[in-house]
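Scroll down for the structure; my scribbles are underneath it.
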Amino acid sequence: MVKNIRAIRGMNDILPDETPYWQSLEACVRKLLRGYGYGEIRLPIVEHTELFKRSIGEVTDIVEKEMYTFNDRNDESLTLRPEGTAGCVRAVIQQGLLGTPRRLWYSGPMFRYERPQKGRQRQFHQVGAEVFGIATPDIDAELILLSARLWRELGIADDVVLELNSIGSGEARARYRAALVDYLEARRERLDEDSQRRLQGNPLRILDSKNPDTQALLDDAPSLADYLDDESRADFARLCGLLDAAGLSYRVNPRLVRGLDYYNKTVFEWVTDRLGAQGTICAGGRYDGLVEQLGGKSTPGIGFAMGMERLVLLLSELASQGDAVEDGEADLYAVSVGEEAAAVALAAVERLRDALPDCRIVQHAGGGSFKSQMKKADKSGARLALIWGEDEVRAGTCAVKSLRDPGGQESVALGELPERIRAALAWR
RNA sequence: GUGGCCGUAGCUCAUCAGGUAGAGCACCGGAUUGUGGCUCCGGAGGUGGGGGGUUCGAGACCCCUCGGCCACCCCA
């Protein structure tokens, strides 16, 4: 007995049951981004490993332990992208797109080697938006308002909260970092094990520790807000003012920091409490130094990415407690009895498809008794069954039977079929 | 990488002091040899995740392993 081949852990199939959620979500996002003047950019899934090391940061968890890295046949180290910003920045530099402010978006799979759990898988999908060449906080506000509009259109606005912070310039962060380490170093014994480890590599991340004792310890720690540079402070105030003016509520979270090294100044997260431990559905921030760091001319940048799996999870969760609209796979199901009728039916259905291109017609295939064909017709969810037997073939007609409402069955000449069906389905 | 829970039919789950498995739904067929949904009758489908051990005998007990879920870490 051969062992079945399974999908890679954390790389899931998305089945026909779920794809409608994906399709409507994708359509909604696309329309929205178009409405704000963002252009789609399609990027490779594989890049040079070096790109991610230089952008995300050598000592981040993503680079240290979560990347799918392998050698190409010529021994170059390549990596399946763990996020989208790095590749997008690489592309705008390489393709010379930085002469003027640029609004872009992309979507597709990302890969991180992590233990799967609810809302987290090894292959997951993001839609990201990035803006290059605008340093002022009005664009920060635009991106946030754009995302807020999306939640409204998806009907999840009441289930998400915006968290906002400024982590300042690199220099400001370095000064704060030193102060924080001083404070925590003196109280090292009271830190949990994970945070003690973070004290070396990534002390800022201690700020969003989930450990309650650690959080309590932080109450008296120096505050990042007190260390901000003047420009970051002013821009953050301006951003808050813009959001206030637009009527968008938010929560300033002074302990919100982000795990990727390239962020500075504005950072934000949209979170929900309905998805278990992984509540962030969308997150982003400014990365003013990244373009230069990757070899382009100094250009400010800002962007966000949203996790499609998490959004789908939220959408389907909300849908299942509301009206679950069961839409079958077909509007019409065509059956026939006998070889001759099958040939007539096939040809007639093809003509019908010409006349009713938006109508979903499933033609029975695979044989079986008339009775079993009718069962399939019923299961398909079709409103009408189209039936061809000896009598119909001889008369040049088709029996149209209603499978739903009480309506019965009538014999229709082939030429009148499109019209009769249009009427029966109330088709546009 | 760490921890907790869990792997029995396609799906959801039973059973049992350890004596080689059962239901519901789904599927196929029949009652109705050209008419679905309801009802009734019948059928197919399992090496009980895999391996080893204890035992006369293991799906049940022990060990290992693989897989799943959730959580930590971290992140979308």
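Since we're looking at a predicted model, the values are computed, not measured. The sequence lines fix the lettering, A, B, ..., with proteins before strands; numbering per chain opens at 1. FYI, side chains are in, hydrogens and waters are out, and symmetry mates aren't considered; it's all heavy atoms of this structure.
- Residue A:L313 contributes atom CG, which lies 12 Å from atom P of B:C69 at whole-angstrom precision.
- Contact of A:D378 with B:G36 (side chain to base): a donor-acceptor pair of N or O atoms is detected under 3.5 Å.
- Taking the P atoms as reference points, B:A31 lies 10 Å from B:U35, given to the whole Å.
- Judged by atom type and distance alone, A:R198 does not reach the base of B:C74 through any side-chain donor-acceptor pair under 3.5 Å.
- Positionally, the nearest nucleotide of RNA chain B for A:Q117 lies more toward the 5' end than for the other of A:R112 and A:Q117.
- Taking the C1' atom of each, B:U8 and B:A60 are spaced 11 Å apart, rounded to whole Å.
- Nucleic acid contact for A:Q123: none, since no nucleic acid atom lies under 4.0 Å from a heavy atom of the residue.
- Across B:G18 and B:G24, the matching C1' atoms stand 28 Å from one another, rounded to whole Å.
- Across the C1' atoms, B:G51 and B:C66 are found 10 Å apart, a figure rounded to whole Å.
- Within the 4.0 angstrom heavy-atom criterion, base atoms lie near A:I387.
- The distance between atom NZ of A:K371 and atom P of B:C38, rounded to the nearest whole Å, is 12 Å.
- Pair check for B:G3 finds B:C70; Watson-Crick or G-U wobble, both atom distances under 3.5 Å.
- Nearer the 5' end of RNA chain B, as judged by each residue's closest nucleotide, is the contact made by A:D194, out of A:D194 and A:L260.
- The partner of B:G45, taking Watson-Crick or G-U wobble pairs whose two distances both stay under 3.5 Å, does not exist in any strand shown.
- A salt bridge links A:R360 to A:D331: at least one charged side-chain nitrogen sits closer than 4.0 Å to a carboxylate oxygen.
- If you check B:C61 for Watson-Crick or wobble pairing at under 3.5 angstrom, you find it paired to B:G53.
- Atom-to-atom, CZ of A:R383 to C1' of B:G37 comes out at 16 Å; the value is rounded to the nearest Å.
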Checklist entry - Going through the checks in order, is the salt bridge (charged side-chain N to carboxylate O under 4.0 Å, His left out) test met by A:E114 and A:R122? => result CA-CA 6 Å; A:E114 302 178 273; A:R122 290 181 174 181; over 6 Å; no
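- If you take atom C1' in B:A17 and the same atom in B:U12, they sit 29 Å apart, rounded to whole Å.
- Between A:D208 and A:R255, none of the side-chain N atoms (NZ, or NE/NH1/NH2) sits under 4.0 Å from a carboxylate O, so this pair counts as no salt bridge.
- The side chain of A:Q121 sits closest to B:A76 out of B:A71, B:A76, B:U35.
- Under 3.5 Å, the side chain of A:E392 and the base of B:G34 form at least one donor-acceptor pair of N or O atoms.
- Rounded to a whole Å, the CD atom of A:E193 is 10 Å from the C1' atom of B:U2.
- Rounded to a whole angstrom, the distance from the C1' atom of B:C61 to that of B:U55 is 10 Å.
- For the pair A:D208 CG and B:C74 C1', the computed distance is 9 Å after rounding to whole Å.
- The nucleotide whose nearest atom lies closest to any side-chain atom of A:K379 is, among B:C27, B:A76, B:C72, B:C27.
- Out of B:C73, B:C28, B:G67, the shortest distance to the side chain of A:R9 is found at B:G67.
- Nearest to the side-chain atoms of A:R115 among the listed nucleotides B:G34, B:G67, B:G3 stands B:G3.
- Closest of all the heavy-atom pairs between A:V160 and A:W151 is CG2-CD1, 3.6 Å.
- Between B:G45 and B:C25, the two C1' atoms lie 14 Å apart (nearest whole Å).
- In this model, the phosphate group of B:G1 is not approached by any side-chain N or O of A:K65 to a distance below 4.0 Å at OP1 or OP2.
- Among the atoms of the strands shown, base atoms are found under 4.0 Å from some heavy atom of A:G119.
- The OH atom of A:Y106 sits 10 Å away from the C1' atom of B:A76 (whole-angstrom rounding).
- As the counterpart of B:C75, no nucleotide is assigned, since no Watson-Crick or G-U wobble pattern has both distances under 3.5 Å.
- Across the protein-nucleic acid pair, A:N211 atom CG and B:A71 atom P stand 18 Å apart, rounded to whole Å.
- Ion pair A:R103/A:E130 not flagged as a salt bridge, since none of the NZ, NE, NH1 or NH2 atoms sits closer than 4.0 Å to an Asp/Glu carboxylate oxygen.
- B:A23 is paired with B:U12 under the Watson-Crick or G-U wobble criterion, all donor-acceptor distances under 3.5 Å.
- Taking the P atoms as reference points, B:U39 lies 47 Å from B:C63, given to the whole Å.
- Taking the charged nitrogens against the carboxylate oxygens, A:E50 and A:K53 have no contact shorter than 4.0 Å, which rules out a salt bridge.
- Computed from coordinates, the A:M374 CE to B:G29 P distance equals 15 Å when rounded to whole Å.
- Comparing B:G36, B:C74, B:G34 against the side chain of A:E114 picks out B:C74 as the nearest.
- The pairing partner recorded for B:U32 is none, the criterion being a Watson-Crick or G-U wobble arrangement whose two distances lie under 3.5 angstrom.
- The shortest heavy-atom contact between A:P222 and A:A179 is CG-O, 3.8 Å.
- Checking the phosphate oxygens (OP1, OP2) of B:G68, no side-chain nitrogen or oxygen of A:K118 falls inside 4.0 Å.
- With hydrogens and angles disregarded, no donor-acceptor distance shorter than 3.5 Å links the side chain of A:T79 to the backbone of A:R81.
- A:K210 comes within 4.0 angstrom of a base, heavy atoms only.
- Seen from the ring of A:Y38, A:R34 does not count as a face-on cation partner, given the 6.0 Å and 45° thresholds.
- For A:S372, counting side-chain heavy atoms from C-beta on, the closest listed nucleotide (B:U35, B:A76, B:G29) is B:G29.
- Counting non-hydrogen atoms under 4.0 angstrom, A:E83 reaches nothing in the nucleic acid.
- Residue side chain A:Q409 reaches the base of B:U35 through a donor-acceptor N/O pair under 3.5 Å, judged by distance alone.
- Among the atoms of the strands shown, base atoms are found under 4.0 Å from some heavy atom of A:E390.
- Residue A:A377 is out of contact with every strand shown, counting any heavy-atom pair closer than 4.0 Å.
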